[in-house]
Amino acid sequence: MKLMDSELNELIKVRREKLQELQDMGIQPFGGRFEVTDKAQEILSDFEGYEGKQVKVAGRLMAKRGHGKASFAHLQDRTGQIQIYVRLDNVGEDTYSVFKKIDIGDIIGVSGKVFKTKKGEITIEVHTLEILTKSLRPLPEKWHGLKDVDLRYRQRYVDLIVNPETRDVFITRSKVIKAMRDFLDERGFLEVETPMMHPIPGGALARPFITHHNALDIDLYLRIALELHLKRLLVGGLERVYEIGRVFRNEGISTKHNPEFTMMELYQAYADYEVMMELTENLIASCAKEALGTTVITYQGEEIDLTPPWTRITMLDAIKKYAEIDFTEITTDEEARNAAKDLGLEIDDDVSWGTVVNEVFEEKVEPHLIQPTFVTDYPIEISPLAKKKDDNPKLTYRFEAFIYARELANAFSELNDPIDQKERFIKQLKQREKGDEEAHMMDEDFVRALEYGMPPAGGLGIGVDRLIMLLTDSPSIRDVILFPTMRPRDNE
RNA sequence: GAGCCAUUAGCUCAGUUGGCAGAGCACCUGACUUUUAAUCAGGGUGUCCCAGGUUCGAGUCCUGGAUGGCUCACCA
């Protein structure tokens, strides 16, 4: 990466010289408007309709095969690549000499007639050609593309130019999110935007980023969830709201974690977590159908059937099934800890029943949940914003959806009792005082909002990036985020 | 944060026991008016990630560092 000093690199030097030569010929190598009337893929897929017709296409030159007084090249636009045929007799001396100076990577606009070569390739016979942008850096090799993952993430623009499968992933990403919006809009949900900078971060158990506002001279937190503001909107009577937006968590980076990632959260008044289960499976199936045309997908070699309805199991039944422990018969914190220790888990001596249950679940059950599965009835200690069950105050009306052993959605019947909510916050504060930096902070304004009355509601959160990973068969979250967080390199 | 692995030309990669730095593509010069990983003839363009050390001699061995990947921990 010593490209800052162009004197050091022969290839860049040569391109600078060609730039100068073009300018000396009176050509503007960083041009302006070009009226594009046709796209590569449309011409290729409708040759009968286009044969013999005049077209105007613009794009990046991706390959060039000169033959003296005639040349073939491939032009790439956002839809794909099409071959062009540039012939001295057709374009004249001046244009042909310009074309000879054009490098792979340059952006050009051409007009010409569509025909098929004797080898059968659909091609534009160029009549006019102009350079729209000179490219001063060489592209990676045509055959292997850009493989270095570090460079692919840091210089995504190059990745997108040379690796069509990268572009396909992000096109699918866009389709999935559009399908999500369409699905929710059809059901009467209102898309809203809530603050990203929070005086008190809430709605999830996670460590936040801190920033500072100079004029107000206050610290603010980047949001870790959308939940508490969206529920304030339920209090305000909007009844069905959703937001698709970035949240920020100050935690480790891995193939499944990026510090900023996209969440979709929705809240529906007068619903509960049962309604959310149906909505979740239908929403995800709809996204798959719209973006991929099927609800049966393959992820990392594993066939996964997203067709509703999905399997439902309570967390305690799941543990009984996979770990052969019946936590309904274990009532004290100490018995629970001992049971987990018997399984070989490391458990701190002060953790409670519900935390132990969750540990056992994560360790012994999650890896088995390959096909879509709703796990219901989470312990109350790890669910400070969910309504507790009428028949068992240790548990809540909450579920998480798992696919390929990963949590994809989290939902519950929302806690709307302000007195209970305040007590939950106080319990979280005690966890915080014990050193748990991820425990929830007290949000007095949220409690006040609940005191005005929030309708009973179901709420749902989906990790959008993970859904996209699943639907694009991407092994790493960085493959579905255009510009993933990277440590900066000091010489760039 | 810990362990393992990787880093060599613009890109993709070789590099033997420690002994002159290599290939393909790209690029440069020339030929070629239906090619398609065009072809033919000629040309190597380099801070071998960085800094030390061992050695007559280091891309190669040792130590430290940088960046990335994978696994683990935390999380979604």
Side-chain angles (χ1 to χ4, degrees), chain A residues 1-3 5-6 8-15 17-18 62-74 81-91 96 103-105 115-123 125 135-155 158-159 161-163 203-208 224-225 247-265 346 362 382 400-402 406-410 436-438 461-467 469 475-478 484 486-492:
Chain A
M1 289 292 98
K2 305 296 183 309
L3 299 181
D5 187 355
S6 59
L8 286 178
N9 189 299
E10 183 67 24
L11 297 174
I12 289 177
K13 215 161 90 184
V14 166
R15 286 182 178 229
E17 285 165 9
K18 286 183 182 169
M62 297 303 288
K64 198 181 174 190
R65 296 178 291 279
H67 294 266
K69 296 187 179 61
S71 300
F72 288 91
H74 272 97
Q81 290 191 6
I82 188 161
Q83 178 166 268
I84 62 171
Y85 176 50
V86 185
R87 190 176 140 128
L88 176 62
D89 296 347
N90 291 333
V91 299
Y96 201 74
D103 288 309
I104 289 174
F115 77 111
K116 199 178 266 186
T117 64
K118 60 184 172 190
K119 291 286 174 63
E121 178 156 357
I122 297 162
T123 302
E125 184 186 74
S135 167
L136 297 177
R137 284 174 188 264
L139 286 176
E141 196 211 348
K142 59 185 171 189
W143 194 243
H144 296 94
L146 184 67
K147 284 191 169 170
D148 185 321
V149 287
D150 188 18
L151 285 182
R152 284 185 47 221
Y153 298 148
R154 286 181 196 279
Q155 298 179 203
V158 179
D159 186 28
I161 292 168
V162 300
N163 295 326
L205 308 179
R207 211 177 312 181
I224 56 174
V247 300
F248 308 85
R249 298 191 184 175
N250 204 342
E251 279 149 4
I253 293 177
S254 78
T255 49
K256 299 181 213 55
H257 303 88
N258 197 63
E260 51 177 315
F261 62 101
T262 301
M263 287 275 299
M264 191 288 294
E265 287 192 27
E346 281 185 35
E362 287 181 358
I382 57 165
E400 291 191 347
F402 289 86
R406 289 182 194 158
E407 183 195 332
L408 200 83
N410 180 19
D436 183 354
E437 285 185 63
E438 288 165 5
I462 291 178
V464 172
D465 308 280
R466 291 193 175 172
L467 174 62
M469 284 170 71
S476 169
I477 195 167
R478 295 177 150 195
M486 302 289 280
R487 193 185 292 273
R489 302 186 70 160
D490 51 8
N491 62 351
E492 285 184 309

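Chain A is the first sequence line, chain B the second, and so forth, proteins listed ahead of strands; every chain is numbered from 1. Hydrogens, waters and symmetry mates play no part in the numbers below; they use all other heavy atoms, side chains included.
Within the 4.0 angstrom heavy-atom criterion, only backbone atoms of the sugar-phosphate kind lie near A:K142; the bases stay farther away. Within 4.0 Å of A:F115, counting heavy atoms only, lies at least one base atom of the nucleic acid. A:K147 comes within 4.0 angstrom of the backbone, heavy atoms only, and of no base. Within the 4.0 angstrom heavy-atom criterion, base atoms lie near A:G66. Using a 4.0 Å heavy-atom distance criterion, A:Q83 is classed as a base contact. Using a 4.0 Å heavy-atom criterion, one finds that A:E121 contacts the bases of the nucleic acid, with or without backbone contacts as well. Residue A:N163 is out of contact with every strand shown, counting any heavy-atom pair closer than 4.0 Å. Heavy atoms of A:T255 sit under 4.0 angstrom from primed sugar atoms or phosphate atoms, though from no base atom. Among the protein residues, A:M486 comes within range of the sugar-phosphate backbone only, with heavy atoms under 4.0 Å from sugar or phosphate atoms but none that close to a base. At the heavy-atom level, A:R487 lies under 4.0 Å from the strands shown only through sugar-phosphate atoms. Here A:K116 lies out of heavy-atom contact (under 4.0 Å) with every strand.
A:V158 places none of its side-chain heavy atoms less than 4.5 Å from the side chain of A:L151. Taking the side chain as every heavy atom from C-beta outward, A:I104 and A:K142 never approach each other to under 4.5 Å. Contact check for A:K256 versus A:I477: no side-chain heavy atoms found under the 4.5 Å cut-off. Using a 4.5 Å heavy-atom cutoff, the side chains of A:F261 and A:R466 are not in contact.
A close approach under 4.0 Å does not occur between any side-chain nitrogen or oxygen of A:K256 and OP1 or OP2 of B:rA76.
Across the C1' atoms, B:rU45 and B:rA38 are found 24 Å apart, a figure rounded to whole Å. To the nearest whole angstrom, the two C1' atoms, one in B:rA51 and one in B:rU67, are 15 Å apart. Atom C1' of B:rC61 sits at a distance of 28 Å from the matching atom of B:rU71, rounded to the whole Å. As rounded to the nearest Å, B:rC4 and B:rU47 have C1' atoms that lie 28 Å from one another. Of the C1' atoms belonging to B:rG30 and B:rG22, the separation is 26 Å, rounded to the nearest Å. On the C1' atoms, B:rG1 is 44 Å away from B:rC56, given to the nearest whole Å. Atom name P, nucleotides B:rC20 and B:rC48: the rounded distance is 16 Å, in whole Å. Between B:rG18 and B:rC13, the distance separating the two C1' atoms is 23 Å to the nearest Å.
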query: Going through the distances and angles, do A:R15 and A:R137 end up as a side chain to side chain contact (heavy atoms under 4.5 Å, CB included)?
result: CA-CA 7 Å; A:R15 286 182 178 229; A:R137 284 174 188 264; 5.9 Å; no

- request: Let me see the working for A:N163 and A:K147 under side chain to side chain contact (heavy atoms under 4.5 Å, CB included), right down to the final yes or no.
  value: CA-CA 9 Å; A:N163 295 326; A:K147 284 191 169 170; over 6 Å; no

- prompt: Between A:L139 and A:I161, does a side chain to side chain contact (heavy atoms under 4.5 Å, CB included) hold up when you go through it step by step?
  reply: CA-CA 9 Å; A:L139 286 176; A:I161 292 168; 3.9 Å; yes

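Set against B:rU33, B:rU34, B:rA76, the side chain of A:R466 has B:rA76 as its closest nucleotide. With B:rU36, B:rA26, B:rC25 as the choices, the nucleotide that has an atom nearest any side-chain atom of A:R65 turns out to be B:rU36. Side-chain atoms of A:K118 lie closest to B:rU35 of the nucleotides B:rC70, B:rU35, B:rC74. Which of B:rC11, B:rU36, B:rA76 sits closest to the side chain of A:L151 comes down to B:rC11. Here B:rU34 is the nucleotide among B:rU34, B:rC28, B:rA76 with the atom lying nearest to any side-chain atom of A:T117.
Following rounding to the nearest Å, A:R154 (CZ) and B:rC11 (C1') show an atom-to-atom distance of 18 Å. Rounded to whole Å, atom C1' of B:rU39 lies 8 Å from atom NE2 of A:H67. Regarding A:D103, its CG atom lies at a distance of 18 Å from the P atom of B:rC25, rounded to whole Å. Nucleotide B:rU67 holds its C1' atom 14 Å from the CD atom of A:Q155, rounded to whole Å. Atom NE2 in A:H74 sits about 12 Å away from atom P in B:rU36, given to the nearest Å. Between A:D148 atom CG and B:rU8 atom P the separation is 8 Å, expressed in whole Å. Straight-line distance from the CG atom of A:L146 to the C1' atom of B:rA9: 15 Å, rounded to whole Å. The distance between atom NZ of A:K69 and atom C1' of B:rU35, rounded to the nearest whole Å, is 17 Å.
Relative ring orientation between A:F72 and A:H67 is described as perpendicular, the plane-to-plane angle rising above 60° on a 0-90° scale split at 30° and 60°.
For A:E141 and B:rG24, a side-chain-to-base donor-acceptor distance below 3.5 Å is present, hydrogens and geometry of angles not being considered. Interface remark: the A:D89 side chain does form a donor-acceptor pair with the B:rU33 base, using a distance-only criterion of under 3.5 Å.
Residue A:P475 is the one, among A:P475 and A:D465, whose nearest nucleotide of RNA chain B lies closer to the 5' end (criterion: closest heavy atom).
Judged by ring centres under 5.5 Å apart and planes tilted less than 30 degrees, A:F261 stacks against the six-membered base ring of B:rA76.
Of the residues A:K64, A:E121, A:Q81, the one that meets the side chain to side chain donor-acceptor pair (under 3.5 Å) test with A:H74 is A:E121.
Looking at A:D103, its side chain never comes within 3.5 Å of a backbone N or O of A:G105 through a donor-acceptor pair.
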field: Pair assignment for RNA chain B - dot-bracket with | for other-strand partners, Watson-Crick or G-U under 3.5 Å
entry: (((((((..((((.....[..))))((((((.......))))).)...(((((..]....))))))))))))....

